[in-house]
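Right, one structure below, let's go through it.
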Protein chains: 2
Amino acid sequence: MNIGEAARRAGLPAKTIRYYEDIGLVAPHRDGNGYRRFGESEVHKLAFLARARSLGFSIDDCRMLLSLYEDRGRASAEVRGLAQRHAKEIDARIARLKEMRATLGELIEACAGDERPDCPILKDLAGG
Amino acid sequence: MNIGEAARRAGLPAKTIRYYEDIGLVAPHRDGNGYRRFGESEVHKLAFLARARSLGFSIDDCRMLLSLYEDRGRASAEVRGLAQRHAKEIDARIARLKEMRATLGELIEACAGDERPDCPILKDLAGG
DNA sequence: ACTTAGGGTTCCAGTCATGGGAAGGTCAAG
DNA sequence: CTTGACCTTCCCATGACTGGAACCCTAAGT
């Protein structure tokens, strides 16, 4: 199949698929006319990548995950370790965002939000 | 003062300050030797920016916030609106991350993480 | 006088994972 | 024979910096 159908089936933009080829994540064959030709296994790989990306794994993590996936003899511990490191990073990001959100919430609450110029939000930004 | 001290006092890398000048957020004067010279008000502005950035506001938001800050007659409603939109986006980001985290947590739990190759994480990525 | 260290300056390139759009080739249908 | 939907490569832009090269300025130590 051509890139369009592969894109539809993998749930990825064609542009992204071309990029993935560029950086060596997939390697579709070419037809006589220069079009990329995708088989089931390529589409499967692309869907794998789409799923991994949707879980927030970086492209480098995805590369690792793919190679582990294709290594029949890998230890599941390696995959689990990767996932755990990633989960930790997500936890950290959530924590940072929650802190921001809490501060923002307080400031928003403290601000009247009317036509007057007095504003605790700006006051805080200006250093209290 | 020079950029180094301004950086220390504002809590921003000198490089970032130069970038902020580039994009028109600050406009320090120049000494005879070409060095940027920062006064108290520039440093204050920089600290304002640092604080706003640390709350996750985009540079564009910061630009808006600065101009509101400097507009003695602004309505606090405008600031509050901006902050609320931003808070909503943070909420959305937290929600997305939490979803990822939950899925990751389940997969990690299901994975033995030993020397055997069988791995529910890879199974999930491969489409169940 | 000379060197060294620690400032400062500009400009260019890279990050991450795409997205946009131009300029052009290919193909099936009407 | 043309339309329209595909496909190709290539280059530029994003956000908010960060790193590094190549160079200038100034003060202190030898």
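Proteins come first, then strands; the chains are lettered A, B, ... in the order of their sequence lines, and each starts at number 1.
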Would A:Leu82 and A:His86 satisfy side chain to side chain contact (heavy atoms under 4.5 Å, CB included), going step by step from the backbone distance to the final call?
CA-CA 6 Å; A:Leu82 191 60; A:His86 178 48; over 6 Å; no
May I have the step-by-step check of side chain to side chain donor-acceptor pair (under 3.5 Å) for A:Tyr69 and A:His44, ending in yes or no?
CA-CA 12 Å; A:Tyr69 180 59; A:His44 188 73; 3.1 Å; yes
Side chain to side chain contact (heavy atoms under 4.5 Å, CB included) evaluation trace for A:Tyr19 with A:Leu25
CA-CA 9 Å; A:Tyr19 171 67; A:Leu25 283 179; over 6 Å; no
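Protein atom CG of B:Asp60 is 7 Å distant from nucleotide atom P of D:dA16, rounded to whole Å. We find that CG of B:Asp31 is positioned 17 Å from P of C:dG7, with the value rounded to whole Å. With rounding to whole Å, B:Arg30 atom CZ is found 10 Å from C:dG8 atom C1'. Note: CZ (B:Arg36) to P (C:dG8) measures 10 Å, nearest angstrom. In this structure, CG of B:Asp22 is placed 12 Å from P of C:dC12, rounded to the nearest angstrom. Protein atom CZ of B:Arg18 is 16 Å distant from nucleotide atom P of C:dC12, rounded to whole Å. Atom C1' of nucleotide C:dG19 and atom OH of A:Tyr19 are separated by 12 Å, given to the nearest angstrom. When rounded to the nearest whole Å, the span between CD of A:Glu5 and P of D:dA5 equals 18 Å.
Taking a 4.0 Å limit (strictly below) on heavy-atom distances, residues 38-59 of chain B does not reach DNA chain C anywhere. A heavy atom closer than 4.0 Å to some atom of DNA chain C occurs in no member of residues 84-101 of chain A.
Taking every heavy atom of both residues into account, A:Cys62 and A:Leu49 meet most closely at CB-CD2, 3.8 Å. Pairing each heavy atom of B:Ser76 with each of A:Ala112, the nearest pair is OG-C, 4.2 Å.
Remark: B:Gln84 CD is packed, more than 12 non-hydrogen atoms of other residues, nucleotides or ligands lying under 6.0 Å away.
Taking for each of B:Glu21 and A:Thr16 the nucleotide of DNA chain C with the nearest heavy atom, the 5'-most of the two is the partner of B:Glu21.
Listed by first and then second residue, the side chain to side chain donor-acceptor pair (under 3.5 Å) pairs that reach into residues 55-65 of chain B come to none, sequence neighbours excluded. The salt bridge (charged side-chain N to carboxylate O under 4.0 Å, His left out) contacts involving residues 35-56 of chain B comprise A:Asp124-B:Arg51, B:Arg9-B:Glu40, B:Glu21-B:Arg36, B:Asp31-B:Arg37, B:Lys45-B:Glu70, where partners must be two or more places apart or lie in separate chains.
When distances are taken from the side chain of A:Tyr20 to each of C:dT18, D:dT18, D:dA16, the shortest belongs to C:dT18.
Note on B:Arg37: nothing from the nucleic acid sits closer than 4.0 angstrom, heavy atoms only. Among the protein residues, B:Ile3 comes within range of the sugar-phosphate backbone only, with heavy atoms under 4.0 Å from sugar or phosphate atoms but none that close to a base.
Residue B:Arg80 holds its CZ atom at 13.0 Å from CG of A:Leu122, rounded to the nearest 0.5 Å. A distance of 12.5 Å separates CD of B:Glu109 from CG of B:Leu104, quoted to the nearest 0.5 Å.
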When you check every protein heavy atom under 4.0 Å of nucleotides 20-26 of chain C, what one-letter string (B, S, -) results, 5' to 3'?
BB---BB
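Comparing the local axis fitted to the first five base pairs of the helix from C:dA1-D:dT30 to C:dG30-D:dC1 with the one fitted to its last five gives a bend of 30°, rounded to 10°.
Salt bridge status for A:Glu89 with A:Arg85: absent, with no side-chain N to carboxylate O gap under 4.0 Å.
For the pair B:Leu55/A:Leu125, a side-chain contact is recorded, criterion being any heavy-atom separation below 4.5 Å from C-beta on.
Following chains of ILVMFWY side-chain contacts shorter than 4.5 Å, one cannot reach A:Tyr35 starting from A:Met1, and the two form parts of different hydrophobic clusters.
Judged by distance alone, with hydrogens and angles left aside, the side-chain atoms of A:Asp114 form a donor-acceptor pair with the main-chain N or O of A:Arg116 at under 3.5 Å.
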